[in-house]
Amino acid sequence: MTSESATPVATNFLRNIIESDLAAGRLQGKRWAGQPGPASALAGAHADPARIRTRFPPEPNGYLHIGHAKSICLNFGLARDYGGICHLRFDDTNPEKEEQEYVDAIIDAVKWLGFSWTAHGTEHLYFASNYFPVMYGFAEALITAGHAYVDEQSPETMRAMRGTLTDAGQNSPWRNRPAQESLQLLREMRDGMHPDGSMALRARIDMSAPNINLRDPVLYRIRHAAHHRTGNDWCIYPMYAWAHPVEDALEGITHSICTLEFEDQRPFYDWTLNRLEELGQLARPLPHQYEFARLNMSYVVTSKRKLLQLVKEGHVNGWDDPRMPTLAGLRRRGYTPAALRLFCERTGISKSNSRIDYSLLEQALREEQDPVALRSVAILNPVKLVITNFPEDQAEPCHAPRNPHDPSAGSREFPFTRELWIERDDFVEVPPKKYFRLFPGNTVRLKYGYVVTCTGCVKDESGRITEVHAEYNPDTKSGTPGSNLVKVKGTITWVSADHAIAAEFRLYDRLFSTPFPDAGDSDFLSCLNPHSVQTVQGWLEPGSIATPDVMWQFERLGYFVADAIDSTAEKPVLNRTTTLKDTWADEG
Ligand code: ATP
Ligand code: MG
């Protein structure tokens, strides 16, 4: 392969499946009625304009995290690449934990990542709760056909009768009741005549099936709870494992992609669709479920329950805390949609679980931003450098590229003055071996400025250094003829003390101090890193106006963006997105 060739999209088993489905014409004859619906709605409908349909189906019970980004990029990416459509579907069949706040945040996050669910003028944004009436009809159809029954055993008894991996389950005494009786009871359940847990609708499949998920799984349970969208319309709610294939089928999904934990549910997924198709409720081609390995990352938890706990107990400052692996947090930290998409693409799609190193995410940001991020200088731990032979009232303009890889970005100008801020650790009184920065008698270049020779320092009563002194060589200004005749081994960054902008910098470390905070039954909260954020007051090169949509690369320090919430024009607050080099991998 030549270096000019475009990076090909890595193929994966899902692409292979889609390509062979399309080549074999397996999806031909698929129709689309303009909106989701059962077989009856498809009568007379036109051919589906989408060659494939995928979906991203979040439950609105929390904010999206980096693992969801993987699923979003996968599902929307496949639809884009194969002439398909990807639906954004809220899987809101569980009334208790779902909220409108989460719906809004999820919509925001998917859009921000750069994906759209509008195709051919139609918005493919759906709510599973809109299907409750159709689902209920399907439940009655299953009962009538003898595929489901109302069981009056308690949840505990049902569990005990389910058997184990080695022992078959036992039939419920209600399993063979007449369909008419089950139908009557399901209607009573729906009408609120029975308390939670007193009965449930179950599929009639096989209590001795080797796959426990086929031992008469529950389809509907009673839950007297208000739903964030349907209010008190319903007091029975469908179970996820049954609702999901139904949602997929109503939406004409062709490839239903989920994570590996659902592999054992696939036989029930297929059972549901095939029974409903036989009953004329659904039309072929039916959706197929495929599983891939979820994204796991070192030093990160991606369970919504645990993320919620971090927020609720105040271990972080909200869902969008820049240390959180949520898309809102990563965004506030400075991660860009392009960097996240690159990361998702690069980590690939696999059938076996693994853990991705956090440094891959940082590397994606560096690669994406290095060609475009604006360069500037910041001093995070300042000490004053006084150029004792430079006139007090003079300001000598200096120039530097805005981005060395992109001449079209132009140059920036900032003044060199008698008093400068430099990093405190760029001066020592007694240099260790191989220290080439400032110490008495040593000569260094002040980057884009002059060559200076250190003459000493001033201390306060406590012995703390308050000023470093140096003399400059007027013939060495960067960019002027002969400026590089004086050879130096060290170059340091600086800003004019008279012109620099005071700013706060927030320097982040990993939120957890162990690589696998959610492994086994270890208490993930006990692994919180107490030093996950360090806040320092420093100085910013004049002209570096900080807004959250501009990424800066501060020389030697890393990539930074203004904090979207706390930063103001008077008092910029900058979050470090990542350092310039991989400091995590080094630490081992
Ligand atoms: P949690 O278990 O933390 O609540 P979830 O998987 O239940 O997460 P959903 O809202 O149901 O969250 O997820 C929506 C979609 O995102 C699902 O299709 C799911 O497979 C996918 N997804 C969630 N987490 C990951 C992950 N870590 N890697 C890849 N895909 C994921
Ligand atoms: Mg889920």
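Order of appearance sets the numbers: ligands from 1, and atoms from 1 within every ligand.
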Just to check, does F56 reach to within less than 4.0 Å of ligand 1 when the distance is taken from its heavy atoms?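 Contact check F56 vs ligand 1: positive.
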Is there a heavy atom in H65 that sits closer than 4.0 Å to ligand 1?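 So H65 counts as touching ligand 1.
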Under 4.0 Å from a heavy atom of P57: give me the atoms of ligand 1 that qualify, with their elements.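 Close to P57: 14 (C), 18 (O).
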For ligand 1, which atoms, with element, lie under 4.0 Å from some heavy atom of T302?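 Within the 4.0 Å cut-off of T302, ligand 1 contributes 3 (O).
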May I ask you to establish whether R89 and F127 are in a cation-pi arrangement, using a distance under 6.0 Å from NZ or CZ to the six-membered ring centre and at most 45° from the ring axis?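 So R89 doesn't make the cation-pi contact.
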Option with minimal heavy-atom separation from atom 5 (P) of ligand 1, where the choices are K304, M297, H244: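 The option holding the nearest heavy atom is K304.
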For residues M551 and L365, determine if any side-chain heavy atom of one lies less than 4.5 Å from a side-chain heavy atom of the other.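 The answer is yes, as the side chains (C-beta and beyond) meet within the 4.5 Å cut-off.
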Is any side-chain heavy atom of D151 less than 4.5 Å from a side-chain heavy atom of M199?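 D151 does not reach M199 side chain to side chain.
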Backbone or side-chain N or O of K70 under 3.5 Å from ligand 1 N or O: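 In this structure, K70 places no N or O atom under 3.5 Å from an N or O of ligand 1.
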Between E59 and ligand 1, does any nitrogen or oxygen pair lie at a separation below 3.5 Å?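 Such a contact does occur with ligand 1.
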Please table the atom pairs, donor to acceptor, closer than 3.5 Å between any side-chain atom in residues 28-42 and protein atoms at least two apart or in another chain.
| unit_1 | atom_1 | unit_2 | atom_2 | d |
| --- | --- | --- | --- | --- |
| K30 | NZ | D48 | OD2 | 2.4 |
| K30 | NZ | G252 | O | 3.1 |
| R31 | NH1 | L42 | O | 3.0 |

Answer yes or no: does atom NE2 of H531 have more than 12 heavy-atom neighbours from other residues, nucleotides or ligands under 6.0 Å?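 No, the 6.0 Å shell around NE2 holds no more than 12 heavy atoms from other groups.
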